[in-house]
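These notes are about the structure you will find just below.
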Amino acid sequence: MGWWVLHVDLDQFIAAVEVLRRPELRGRPVVVGGDGDPGRARQVVATASYEARAHGVRSGMPLRVAARRCPEAVFLPSDPPAYQAASARVMATLARFPVRLQVYGWDEAFLGADTDDPLALAARIRRAVLDETQLSCAVGVGDNKLTAKHAARFAKPGGIHRLTRDTWPAAMGAKPAADLWGVGPKTAKKLTALGVHTVADLAGTAPDALAGQFGERAAEWLVLSARGAGETTVDTAPWVARSRSRETTFAADLTDRDAIAGHVAALARALGADVVADGRRVTHVAVKVRFASFRTPTRVMKLREGPTTDLDAIERTALAVLDKFDLGEPPRPVRLVGVRTDLEPP
DNA sequence: TCTGGGGTCCTAGGACCC
DNA sequence: TCTGGGGTCCTAGGACCC
């Protein structure tokens, strides 16, 4: 028997859930995001169906751009409770297999399995998810989380693929370093500036040569990742939120201090109510303000009286945190306010 | 046709204490 | 007379992911 890590990744998850309850949409371009009105500004695509992606629609793209690229698309509002429910059904199916299960967001999971035939296991899992939830997924098989994750990308949509440290160089070496899981745009840009373009380039770089730009630990991690090394442990402990936040982007900028404070207070109260309903206590309150310039400072304060469930205290603290900002006089235009509560471990 | 929302983790600097 | 080193707490910001 051998230890394998599998990564299960649902195909176009949010769009697929919508199609499931509106079968007439199957095969059509579907775009989910915001309130579903592509005529309104400041809303972006959460997920596009493959049919919409074929027209160049991408997640994160403004809905208006999506509507322009794909006028025949069906636009739907985002419905998180529906996706949460569908996700729970998928995870319940996965949990019935003799594996270690780590839920990794709505539409992803890592599975750790002791088996001699991981591909057969992957096929059984894919079939079970499809039969029990009518949702299609890709399954990546790897010797660690990184290889499993990338294997799933190769498998998408709806397939099964195996990738290990042995096959990694041939499969990944020529790809841009930016394709690596954990390497975002900022890191990619720095790497390019250092002459490191591909995964193979990065794999062949001495960590010391990168430490100046990224720090020792991150440099080490980058090079190891480029060589296909990753975590092999699958953590089965249920996920426990460390924070919870809510933010609102306004259709039109706010320039009135009382209006800004009113939104912060309302967000803080609503958030506090959610957190308390979950049986958690708040340790810190953070406030985020995004100006029209897109500069987005954040301020945070620890609750004076210690962890609390007192909504008045949470709201009061949020307003005190807001006072730490220099909003300008008169206030500079604000396009977003957000409130985050940090939570005491249960 | 300007750029959502909800998360996690890491680093770094200053305050404060010994 | 002006200079240590370590440890912890706190806050701000960066970066990434789904």
Side-chain angles (χ1 to χ4, degrees), chain A residues 7-10 12-14 31-47 56-71 77-80 83-84 87 103-110 145-146 149 152-153 178-191 211 213-222 225 231 235 239-251 253 267 271 274-275 283-304 321 324-325 335-343:
Chain A
H7 186 248
V8 174
D9 197 328
L10 279 295
Q12 48 173 3
F13 175 63
I14 289 173
V31 176
V32 182
D35 65 3
D37 177 359
R40 295 200 19 202
R42 298 183 176 180
Q43 304 198 88
V44 303
V45 175
T47 304
V57 178
R58 296 287 177 268
S59 63
M61 172 182 284
L63 289 186
R64 285 177 164 173
V65 179
R68 209 182 136 100
R69 293 205 180 177
C70 190
S78 181
D79 181 5
Y83 315 139
Q84 177 54 51
S87 176
V103 177
Y104 210 79
W106 276 346
D107 62 343
E108 294 184 23
F110 285 104
K145 282 180 176 164
L146 180 71
K149 173 87 184 174
R153 289 188 188 171
D179 282 7
L180 275 175
W181 188 36
V183 174
K186 305 285 184 179
T187 300
K189 197 174 171 196
K190 285 190 195 175
L191 287 172
Q213 272 296 314
F214 302 101
E216 236 170 276
R217 290 166 59 93
E220 183 76 20
W221 177 87
L222 279 167
S225 292
E231 268 185 52
D235 182 5
W239 177 77
V240 177
R242 289 155 179 79
S243 66
R244 188 190 285 218
S245 64
R246 270 198 196 188
E247 61 188 53
T248 306
T249 293
F250 307 111
D253 294 342
L267 286 173
L271 194 52
D274 283 354
V275 164
T283 61
H284 300 73
V285 178
V287 173
K288 166 161 132 181
V289 173
R290 175 166 291 152
F291 294 102
S293 66
F294 237 70
R295 191 174 70 85
T296 313
T298 298
R299 297 290 181 270
V300 60
M301 234 187 245
K302 192 174 178 178
L303 273 107
R304 297 181 67 83
V321 176
K324 302 214 282 183
F325 286 86
R335 64 175 283 144
L336 168 152
V337 296
V339 177
R340 184 188 82 234
T341 51
D342 291 339
L343 308 176

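In this text the structure is predicted, and so the values were computed from the model without any measurement. Below, read A as the first sequence line, B as the second, and so on, with proteins coming before strands; counting in each chain starts at 1.
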Subject >> Letter per nucleotide, 5' to 3', of nucleotides 13-18 of chain C [B base touched, S only sugar-phosphate touched, - untouched; heavy atoms, 4.0 Å] >> reply: S-SSSS
Original post:
Can you give the dot-bracket line for DNA chain B, using ( ) for pairs inside the strand, [ ] for pairs that cross earlier ones, | for pairs with another strand and . for unpaired bases, where Watson-Crick and G-U count if both distances are under 3.5 Å?
Top reply: ....||||||||||||||
Less than 4.0 angstrom between a side-chain N/O of [X] and OP1 or OP2 of [N], yes or no?
X: A:Thr249; N: B:dG5; result: yes
X: A:Arg242; N: B:dG7; result: no
X: A:Arg335; N: B:dG4; result: yes

With a cut-off of 3.5 Å and sequence neighbours excluded, list every side-chain donor-acceptor pair involving residues 292-304 of chain A.
unit_1: A:Ser293; atom_1: OG; unit_2: A:Arg295; atom_2: N; d: 3.2
unit_1: A:Thr296; atom_1: OG1; unit_2: A:Arg290; atom_2: NE; d: 2.9
unit_1: A:Thr296; atom_1: OG1; unit_2: A:Phe294; atom_2: O; d: 2.8

Original post:
What is the distance, rounded to the nearest whole Å, between atom NZ of A:Lys288 and atom P of B:dG5?
Top reply: 8 Å
Please name all residues satisfying side-chain contact (heavy atoms from CB on, under 4.5 Å) with [X], sequence neighbours left out, ordered by chain then number.
X: A:Val44; value: none
X: A:Asp342; value: A:Ser243, A:Thr283, A:His284, A:Arg340
X: A:Glu108; value: A:His7, A:Asp9, A:Tyr104, A:Lys149
X: A:Pro62; value: A:Val65

Compare the minimum distances between each of [options] and the side chain of [X], then state the nucleotide with the smallest one.
X: A:Trp239; options: B:dT8, B:dT1, B:dT3; answer: B:dT8
X: A:Arg244; options: B:dG7, B:dG4, B:dC9; answer: B:dG7
X: A:Lys302; options: C:dC9, B:dC2, B:dT3; answer: C:dC9

Please tabulate the protein-to-nucleotide N/O contacts below 3.5 Å involving nucleotides 10-12 of chain B, giving atom names and distances.
unit_1: B:dT11; atom_1: OP1; unit_2: A:Arg217; atom_2: NE; d: 3.4

Subject >> For A:Trp221, ring-ring contact (aromatic ring centres under 6.0 Å, His included) partners two or more places apart >> reply: none
**OP:** Using ring-ring contact (aromatic ring centres under 6.0 Å, His included) as the criterion, list what pairs up with A:Tyr83, not counting sequence neighbours.
**Re:** A:Trp106
Subject >> Partner residues of A:Asp79 under the salt bridge (charged side-chain N to carboxylate O under 4.0 Å, His left out) criterion, sequence neighbours left out >> reply: A:Arg21
**OP:** Return each pair, listed once, that meets side chain to side chain donor-acceptor pair (under 3.5 Å) where at least one residue sits in residues 36-45 of chain A; pairs must be two or more places apart or across chains.
**Re:** A:Asp35-A:Arg40, A:Asp35-A:Gln43, A:Arg42-A:Asp253
